[in-house]
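Taking it in order: structure first as structure tokens, then the write-up.
On a predicted model such as this, the values are computed, not experimentally measured, just so you know. Reckoned from all heavy atoms, side chains included, excluding hydrogens, waters and symmetry mates.
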Amino acid sequence: MSLATCCIICCRRIGTSTTPPKSDLSWKDIRNIIKFTGPLILGGSLFITYEVLALKKSMTLDTQVVEKEKLKSYIYLDAVSLDKRENQGVTYQARKELHKALRKVLATSARIFRNPFDDYQYRTLAQACDVRTIIGLARSKETDLRFFLPPPHLPAIKEDYSIEEELRQLLASLPQTEIDHCIQYFTSLALRESSQSLAAQKGGLWCFGGNGLPYAESLGEVPSATVEMFCLQALVKHSEIATHCDKIEANGGLQLLQRIYQLHKDCPKIQRSIVRIIGNMALHEHLHSAIVHSGWVSILAEAAKSPHVIQASHAARTLANLDRETVQEKYQDGVYVLHPQYRTSQPIKADVLFIHGLMGAAFKTWRQQDCDKLEIEKASDEECYTQCWPKTWLARDCPALRIISVEYDTNLSDWRAKCPVERKSIAYRSHELLRKLRAAGVGDRPMIWVSHSMGGLLVKKMLVDASKKPELNSLINNTRGMIFYSVPHHGSRLAEYSVNIRYLLFPSVEVKELSKDCPALKELHDDFLTFAKDKNFQVLNFVETLPTSIGSMIKLHVVPVESADLGIGDLIPVAVNHLNICKPKKKDTFLYQRTLQFIRETLAKDLEN
């Protein structure tokens, strides 16, 4: 348009010139016009041509570059099943190696690079990973939690229903007959109390219902949380039965338990009970896909990174049961691996088992000796204060060990007994724990038993029982030694006293079996002594020298020196009470250092091989 305007102006100037008009334009005038307009036309044409070519080039996509960018952001996995029965030979092995390589890359990328991926790339990878890859990532220590998809949206609760009613319906849908007496007890208690609670809530009046004692001990708790705890305790027992696990999954239990877990983030006790149920369900491989797709792996992966040893260990047990690719053992309820809790390249050469005593627990029994809260707050790392010294100190000093802690219920009085009496005897517990420990692969490696108080009697009973069963020969042959912390080999004075008035009339079976005049206790001691001398076990005995405060008015020397003397091995008195005999005050104290020395010396040949 500008070029045309210039031509018109030039023509007008020529036309309006003062030169006398001529009939025709001279050749000179035409040449002047061409000289003026030619460069403009040529320059404009070149400019337009350049702009057209540049626009075309900018709109042309390099497909190779696009594909390279895709490969940076996406990983495509073969969706074909990895089942050996469906894929044979080289094809199966190739796919297996591919998934292993992918897991290794994903697990280490967060360690190598500070920000290896963008959020959308993490989400893309999470969508691409199969079940085994997701579980492998969850059991990798340095894995970024963004590798896991958030749990799917939970289904809406039925109208006019509450969480407690949903939980009660789930429990009521499980078989109620032809089950263990202990499971019947928990189920009937939960159904009775939940029905009383729901009726009271709807009527606007809270009452104790059919069993006032449990509520009398927890009047400060929210009633709904108390009712949920009753139902969860019953579900834990039901989840020990394979067919009941199938019914829990079929009736929407995975989603309901996840909802309760999220609602009770401030109640670790409820969350632990729920993870126990999921951990029991994870013992059955056909339920793994349902557990993963319901979003539980992301929850467990987060819990496994918890600074609280109990939360992390419960999650680690469930993830280990889900990991059938690198873990052959199955960890049943009450058997917890303190080390290693993640996948590791460190070869495991021996086992150390920790068995607590009366009123103890798998974690709190083995905590560091309680000290001033200010000191704990000042402690910058677990070298200064630890919630569980086998998990922290022993695992660092002996990384080639698998460290297992066992938990079982105990009571001082049958007032609080939750199961039939026969389940509380040492003989019954020995049979039950041997079954669980064999499922966990205990006996396949060299091992050392570490026990406190009544736990030592249980260790002795398990070894005596195992010596009579040919199928358990490996457990006996691989036992290298044992450490006893104030074990009453000849009985305890605890059975002669009561903690307070409500324990006075009905001492529990456990307390009765600790009595000095108990025939079963003497028989067990004689049998074990003969058996241990024949096997030449290495034995280390610690014993307290200070009395223990029981209640507000009684001080009792629970295990005197003469009772802790097994008759073989070293006997070392320590100036602590019965509760602190297994709780070192610091890592450099005699109690821990002597324990560490015994483990290293006893397993020296096995750890070197």
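Contact check for I179 versus H244: side-chain heavy atoms found under the 4.5 Å cut-off. In this structure the side chain of S239 reaches within 4.5 angstrom of the side chain of C245, judged on heavy atoms. Side-chain atoms of V543 and P573, non-hydrogen and from C-beta on, do get closer than 4.5 Å to each other. Side-chain contact between T602 and I448 is present, with at least one heavy-atom pair separated by less than 4.5 Å. Within the 4.5 Å cutoff, the side chain of P446 has heavy atoms near those of the L603 side chain. With a 4.5 Å cut-off on side-chain heavy atoms, I277 and M281 count as touching. Residues V450 and C582 fail the side-chain proximity criterion, which asks for heavy atoms closer than 4.5 Å. Taking the side chain as every heavy atom from C-beta outward, L171 and L235 approach each other to under 4.5 Å.
Salt-bridge check for R594 with D570: passed, with a basic side-chain N closer than 4.0 Å to an acidic carboxylate O. Between D397 and K587 a salt bridge is recorded (basic side-chain N to carboxylate O distance below 4.0 Å). Ion pairing between a basic and an acidic side chain is recognised when a charged N comes within 4.0 Å of a carboxylate O; R438 and D444 show such pairing.
For the residue pair H293 and S289, a side-chain donor N or O sits within less than 3.5 Å of a side-chain acceptor on the partner. A side-chain donor from one of E601 and Q597 sits under 3.5 Å from a side-chain acceptor of the other.
Under the 6.0 Å cut-off for aromatic ring centres, H356 and F363 do not qualify, their centroids lying 6.0 Å or more apart. Here F537 and W449 keep their ring centres 6.0 angstrom or further from each other. H452 and H578 have their aromatic ring centers within a separation under 6.0 angstrom.
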query: For K391 and Q341, what are the C-alpha separation, side-chain angles and deciding distance, and is it a side-chain contact (heavy atoms from CB on, under 4.5 Å)?
result: CA-CA 9 Å; K391 180 180 184 296; Q341 293 189 339; 3.4 Å; yes

- prompt: Do S486 and E544 pass the side-chain hydrogen bond (donor to acceptor under 3.5 Å, both in side chains) test, and can you show the C-alpha distance, the side-chain angles, and the key distance before you say yes or no?
  reply: CA-CA 6 Å; S486 286; E544 79 239 30; 2.5 Å; yes

task: For the pair D588 and Y592, evaluate side-chain contact (heavy atoms from CB on, under 4.5 Å) and give the outcome as yes or no after the intermediate values.
output: CA-CA 7 Å; D588 58 359; Y592 174 73; over 6 Å; no

field: Derivation and outcome, side-chain hydrogen bond (donor to acceptor under 3.5 Å, both in side chains), residues T548 and H557
entry: CA-CA 6 Å; T548 303; H557 201 159; over 6 Å; no

message: What verdict does the side-chain hydrogen bond (donor to acceptor under 3.5 Å, both in side chains) test give for T133 and D130, after you've listed the backbone C-alpha separation in whole Å, the side-chain angles of each residue and the deciding distance to 0.1 Å?
response: CA-CA 5 Å; T133 304; D130 67 338; 2.4 Å; yes

message: Checking D527 against F531 for the side-chain contact (heavy atoms from CB on, under 4.5 Å) test, could you report, in this order, the C-alpha distance in whole Å, the side-chain angles of both residues, the deciding distance, and whether it holds?
response: CA-CA 6 Å; D527 290 345; F531 163 70; over 6 Å; no

- request: Could you go through the salt bridge (charged side-chain N to carboxylate O under 4.0 Å, His left out) check for D465 and K469 one step at a time?
  value: CA-CA 7 Å; D465 290 347; K469 299 178 181 179; over 6 Å; no

- request: Kindly indicate, with the supporting measurements, whether the criterion salt bridge (charged side-chain N to carboxylate O under 4.0 Å, His left out) is fulfilled by D351 and R445.
  value: CA-CA 6 Å; D351 292 339; R445 302 184 185 94; 3.3 Å; yes

field: From CA spacing to verdict: side-chain contact (heavy atoms from CB on, under 4.5 Å), L463, K460
entry: CA-CA 5 Å; L463 289 173; K460 291 161 60 178; over 6 Å; no

query: Could you walk me through whether H286 and D246 pass the side-chain hydrogen bond (donor to acceptor under 3.5 Å, both in side chains) check?
result: CA-CA 9 Å; H286 67 280; D246 294 338; 2.7 Å; yes

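Atom NZ of K436 is surrounded by more than 12 heavy atoms from other residues, nucleotides or ligands within 6.0 Å. Atom CD of E302 has 12 or fewer heavy atoms from other residues, nucleotides or ligands within 6.0 Å. Shown here is K305, whose NZ atom has more than 12 heavy atoms of other residues, nucleotides or ligands within 6.0 Å.
With hydrogens and angles disregarded, no donor-acceptor distance shorter than 3.5 Å links the side chain of R343 to the backbone of P340. Side-chain atoms of T187 come within 3.5 Å of backbone atoms of I183 as a donor-acceptor pair (strictly under, hydrogens ignored). One N or O on the side chain of S188 and one on the backbone of Y185 form a donor-acceptor pair closer than 3.5 Å. In this structure, H490 contributes its side chain and L566 its backbone to no donor-acceptor pair below 3.5 Å. T386 places a side-chain N or O within 3.5 Å of a backbone atom of C388 that can act as its donor or acceptor partner.
The two residues Y336 and A362 have their closest heavy-atom pair at CD1-CB, 4.1 Å. When every heavy atom of L607 is checked against every heavy atom of A400, the shortest pair comes out as CD2-CB, 4.2 Å. Counting all heavy atoms, side chain and backbone alike, Q346 lies closest to P399 at CG-O, 3.5 Å. Between T595 and L591, the closest heavy-atom pair is OG1-O, 2.8 Å. Closest of all the heavy-atom pairs between M229 and S273 is CE-OG, 2.8 Å. Listed here is the closest heavy atom pair of Y331 and R402: OH-NH1, 2.9 Å.
We find the CG-CG distance between L287 and N321 to be 12.0 Å, quoted to the nearest 0.5 Å. In this structure, the separation between CD on E249 and CG on L254 is 5.5 Å, given to the nearest 0.5 Å. Distance check: I278 CD1 to W296 CH2 gives 4.5 Å after rounding to the nearest 0.5 Å. Going from atom CG of L457 over to atom CZ of F484 covers 8.5 Å, rounded to the nearest 0.5 Å. Here the CD1 atom belonging to I404 is positioned 5.0 Å from the CG atom belonging to L353, to the nearest 0.5 angstrom. Here CD1 of I355 is found 6.5 Å from CG of L433. Values are rounded to the nearest 0.5 Å.
Relative orientation of the Y485 and F542 rings is parallel, given thresholds of 30° and 60° on the angle between their planes.
When each of K330, R139, R317 is checked for a salt bridge (Lys or Arg N to Asp or Glu O under 4.0 Å) with D323, only R139 meets the rule.
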